[in-house]
Every structure is written in C-alpha cells, then in structure tokens.
Amino acid sequence: MPFTLATWNINSVRLREALVAKLMEEEAPDVLCLQECKSPVDKIPTERFRELGYGHMVARGQKGYNGVAILSKLPLRDLGDKDFAALGHARHVAAEIEGGPVVHNFYVPAGGDKPDRAVNEKFGQKLDYLSEMRDWFRDEAPRNAILVGDLNIAPREDDVWDHKKMLKVVSHTPVEVESLGAAQEAGGWVDVTRKDLPEGQLYSWWSYRSPDWDAADKGRRLDHVWATPDIASAAHSSRILRAARGWEKPSDHAPVFATFDL
DNA sequence: ATGGTAGATGTTCTA
C-alpha cells in the first residue's frame, strides 16, 4: 500500500479552503495534515474536501487559534490527543491509517519573540512542550508511526537562510535545537525529509513581513516529516512545494511531502 | 533598536 502524505500549516482553513482544494486537485496526497486551522472542528469546510475524495477527517480545534486536522482518502481511526505542557490548546492529534501506520500531527508552540523563559513565558512553554514530547516518546516507544507538523524549529544550519544570524532568533536557538533533538531521539524518529534530501538549503516557511520573500529567500525549515526506523526506509520522494508559497493569498508555509511504500 | 504582514476577533493577541 504505497501512499503519499503531506503536511501544511494552512493559517486558517476557512479562509484558505480554495487553496486546500487546489492542493488536493493538483497534488492529491492520500493523507493531508493541516496545522493552524484556526477553527472549531464543526466549522471546518469538510464538504468540499469530501467531494474531492477526502472523506475522512480526524481533527482537534478551537476558536481563533491553533487547530490540527488529518484529512484522508484512506479510512482513519481516531487515536486521541495529548495536551503537552497543559496549555489547553489544540496542538496535537493522532490517527491510525486503518491497517497501516499511526500518524501524529503536531503544532508546536512558536515560543514568542525573546528566547529567554525568565522574561518570556511563551518560550518556557515551548521548551516544556518539547520536554513533555520527549518523555512521552520515551514511555511510548512508538513503532510503525509517522510524525508530521509545524514543529516551529529549524534544527540544522542548512535549515535557515543564515545560521549565525539566527542563533539568537526563536526557532533556531541552541536550546530549542537541543530540546527538539532530545524529543526526536527519545522516539527514535528519523527525519525523513533530510534522509531523502540530505544536501543543501531547505525551507518550508517565509515570513509575510518580507514582500520579496522569493528573491530574498530568508526561509526556515519549520515543517517536518519524521518516521520510526521500522518504516523510515520505506519513505522516498520527499519534496517541499515552494510554489504554494506564491499562490494567491498564500499561507506563509509551504507543504512538505513524503511517499511511503508500505 | 525597530518595523515590516497576516488572521481571528473585537477595541488586541498570536504568529
């Protein structure tokens, strides 16, 4: 059962219903994981998605902020969610692709502006969220599992446009990179995108605050596809659809794809 | 050191 999966921070699923539909029509991943839906679950425009073949959804939502959804052509079984760091936010949901792997969909807290938990509570919450992810993966020992989402950290030097300039910028500070690495290691997760594309600069996000985002290209790789080692070798053909960042009224994130031959 | 843009909501917060 080969299937293609995509992850995309959509920054309002209601405002960008047409862009989600465009991705479904033109790229047709079997499973599409969205973050920042910014919508209660019952207000997600599922009718259009169902018409395009995505008849299955497992989602968590809240009004105005956060929100994660797994839309699928393949049947899903809801496996619940975890409220890491007890924030009361809709930032995680898990589902089993029936007869196949488990998919975890994450929206890790962005962490505010200042990378110092003493003056910025949000940064502390981000680090706490990551350490609770680490503890959970250590206890769960996941197998036959895929983890995707906006992890709000660009871990490698070639995941940001300028490593030195970014060392004190939230998303690329050493303490964040270390915390994400600890969570990754605790679950044994393989970075599928970098397994397939080990060389060179790779970005999935470009700020709205740069009108010439394409030419300036000051991007970061914040969106990730991970898999447990038992299925990571079945993954291939990873890619980032940079073109979607240039669509009309775009999200500030581009979708990240991987295919699994399982 | 600052501001630049965007979305949901509502007279501001979050990213």
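Taking atom P on both nucleotides, B:dT2 is separated from B:dA6 by 23 Å, rounded to a whole Å. Rounded to a whole angstrom, the distance from the C1' atom of B:dA15 to that of B:dT9 is 15 Å.
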Could you run through nucleotides 5-15 of chain B and give me one letter per nucleotide, 5' to 3': B if any protein heavy atom sits under 4.0 Å from the base, S if only the sugar-phosphate is that close, - if neither? BSSSS---BSB
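Screening residues 50-69 of chain A for salt bridge (charged side-chain N to carboxylate O under 4.0 Å, His left out), with sequence neighbours left out, gives A:Arg60-A:Asp78, A:Arg60-A:Asp81. For residues 91-113 of chain A, the pairs satisfying salt bridge (charged side-chain N to carboxylate O under 4.0 Å, His left out) are A:Arg77-A:Glu96, with sequence neighbours left out.
Residues A:Glu36 and A:Ser12 have side chains that never bring a donor and an acceptor to within less than 3.5 angstrom of each other. A donor-acceptor contact closer than 3.5 angstrom links the side chains of A:Glu176 and A:Thr173.
For the pair A:Asp128 and A:Arg117, the salt-bridge criterion is met [side-chain N within less than 4.0 Å of a carboxylate O].
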